[in-house]
Amino acid sequence: MSLTDLEAEASVPPASEEPDGRKIEGRSPWQLAWARLRQDKAAMTAIVVIVLLIVMALIAPLIAKWVGYAPDFGDRKLGQTADGLPVGPNGHHPLGTDRLGRDILVRAVYGARISLLVGLVSTLLAVIFGVIIGSAAGYYGGAIDTVLARFMDVTLSFPYLLFAIALAAAFGASTPLTIFVITFFSFASIGRIVRGQVLQIKEREFIEAARSLGAGSVRTMFIDVIPNLIAPVTVLGSMTIPTAIIFESTLSFLGAGIDPRTPSWGNMLSDATETYTVAWWTLFIPALFLLITTLAFNILGDAVRDALDPRAERLFAAQKANRKKKRK
């Protein structure tokens, strides 16, 4: 090879560089997912709404101080009419009052604390237990799989409202009890999906390679199997949060959830059943907060699913295109 050929070969940039000399940096699947998520305007709007709700819940005492009323304070002078009815939005109570003269705005922001706390904590616990039980059932199989799978089936078939009402009657309505009930009836659906994912993962070549190299069951489970569950579990968790929030509101509305003395959107809706015909704001405000919160989490959950698995988005788009062609 001549000197000219060597110089020409040396002048060609390597495959990992752009023609202008800049290096091409690879991106991880999570970076690609975040890039897709940032391009979704609906998802970014949902994230902004969720952040605002969290900030509102955190500064609830400051909002109460600004309004000038505690969440359990009944303003009989300015918060009720001469007939003892709630007053509508005004300068003293920006969103009106309830049947006891309590400020709706203050109770709504304090209710955000309860709803977000219960929704996030119960979802986190449900994901943890669902991953542990589902992974054990799918990976070990045999008798362990039979027992754990049947346990999850029984849990899913149990009437959760009757269970929650019975526990509330026996131990009293409380936040820890509500979190326990939601966690108990949410982990099974996550566990069943995780079990199915593990059954597929453990048959792949890299698992066989790890076993052939002498890797034990525990190491294979935590090093090779569970890391491959992060993406589907993230999607499941993001879509379980709004379900948990609705679950808590339903239980509180029925008197089997949060302590009735604690401000929560479910308790506010329950109180509004006595006055909503003459005071629409007592029903509309907590329902609006609940709608916005669950809608934001649902939109974010769908966007996270599409970002982590773009093939599903393309599949749905292809199905829609086929339907349009058939209609034409």
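Given the structure is predicted, the values throughout are model-derived calculations rather than measurements.
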Side-chain heavy atoms of I246 within contact of L290, under 4.5 Å: yes
Those residues that, when tested against S252, pass side-chain hydrogen bond (donor to acceptor under 3.5 Å, both in side chains) (two or more places apart): E248
Backbone of R99 reached by a side-chain donor or acceptor of E274 within 3.5 Å: no
Gap between atom CD1 of I201 and atom CG of N228 - 0.5 Å precision: 5.0 Å
Co-members of L85 in a cluster of I, L, V, M, F, W and Y side chains, linked at under 4.5 Å: V278
Parallel, tilted or perpendicular: ring planes of F158 versus F163, cut at 30 and 60 degrees: perpendicular
Distance (rounded to the nearest 0.5 Å) between T178 OG1 and I258 CD1: 4.0 Å
Connected hydrophobic set around L100, excluding itself, where side chains approach under 4.5 Å: none
With Y276 via ring-ring contact (aromatic ring centres under 6.0 Å, His included) - residues at least two apart: none
P286 to W281 - nearest heavy-atom pair and separation: CD-O, 4.0 Å
Residue list, ring-ring contact (aromatic ring centres under 6.0 Å, His included) with F284, at least two apart or on another chain: W280
Hydrophobic cluster partners of L199 (side-chain heavy atoms under 4.5 Å): none
Verdict with supporting geometry, T97 and R102, side-chain contact (heavy atoms from CB on, under 4.5 Å): CA-CA 5 Å; T97 62; R102 297 172 297 190; 6.0 Å; no
Stepwise ring-ring contact (aromatic ring centres under 6.0 Å, His included) test for H92 and Y69: CA-CA 10 Å; H92 298 283; Y69 300 99; 7.8 Å; no
Members besides V154 in its Ile/Leu/Val/Met/Phe/Trp/Tyr cluster (side-chain heavy atoms under 4.5 Å): none
Check: F289 main-chain N/O paired with T293 side-chain donor or acceptor under 3.5 Å: yes
Contacts of S264 that satisfy side-chain hydrogen bond (donor to acceptor under 3.5 Å, both in side chains) - sequence neighbours left out: N267
Charged N-O contact under 4.0 Å between D72 and R107: no
For D302, side-chain hydrogen bond (donor to acceptor under 3.5 Å, both in side chains) partners two or more places apart: none
OG on S135 to CZ on R195, rounded to 0.5 Å: 12.0 Å
ILVMFWY cluster, I182 and L117 together (side-chain gap under 4.5 Å): yes
Partners passing ring-ring contact (aromatic ring centres under 6.0 Å, His included) against F129 (at least two apart in sequence or in another chain): none
Transitive ILVMFWY side-chain link F184 to I165, under 4.5 Å: no
M152 to F187 - nearest heavy-atom pair and separation: CG-CE1, 4.3 Å
Results of ring-ring contact (aromatic ring centres under 6.0 Å, His included) for W66 - residues two or more places apart only: none
Straight-line distance of D259 CG to L177 CG, nearest 0.5 Å: 11.0 Å
F253 versus L269, closest heavy-atom pair with distance: CE1-O, 3.6 Å
In one Ile/Leu/Val/Met/Phe/Trp/Tyr side-chain cluster, 4.5 Å: L124, L229: no
4.5 Å side-chain heavy-atom contact, D271 and T282: no
Residue pair R192 / L156, side-chain heavy-atom distance below 4.5 Å: yes
Residue pair V181 / F247, side-chain heavy-atom distance below 4.5 Å: yes
Separation of L120 CG from S115 OG (nearest 0.5 Å): 10.5 Å
Would you list the atom pairs, donor with acceptor, under 3.5 Å between side chains in residues 40-60 and any protein atom, with sequence neighbours excluded?
residue : atom : partner : partner atom : Å
D40     : OD1  : A42     : N            : 3.1
D40     : OD1  : A43     : N            : 3.3
T45     : OG1  : K41     : O            : 2.8

Closest non-hydrogen atom pair, A136 against I144: O-CG2, 4.0 Å
Reported OG1-to-CZ distance for the pair T123 and F297, which is rounded to 0.5 angstrom: 8.5 Å
Cluster overlap F180 with I132, hydrophobic side-chain contacts below 4.5 Å: no
Exercise: identify the closest heavy-atom pair between I104 and M268: O-CE, 3.9 Å
Joint hydrophobic cluster, L116 plus L125, side-chain heavy atoms closer than 4.5 Å: yes
Side chain proximity check, P61 to R113, heavy atoms < 4.5 angstrom: yes
Shortest non-hydrogen contact from V67 toward P94: CG1-CD, 4.2 Å
Side-chain heavy-atom pair T183, S122 within 4.5 angstrom cut-off: yes
Heavy-atom donor-acceptor pair, K202 side chain to G138 backbone, under 3.5 Å: yes
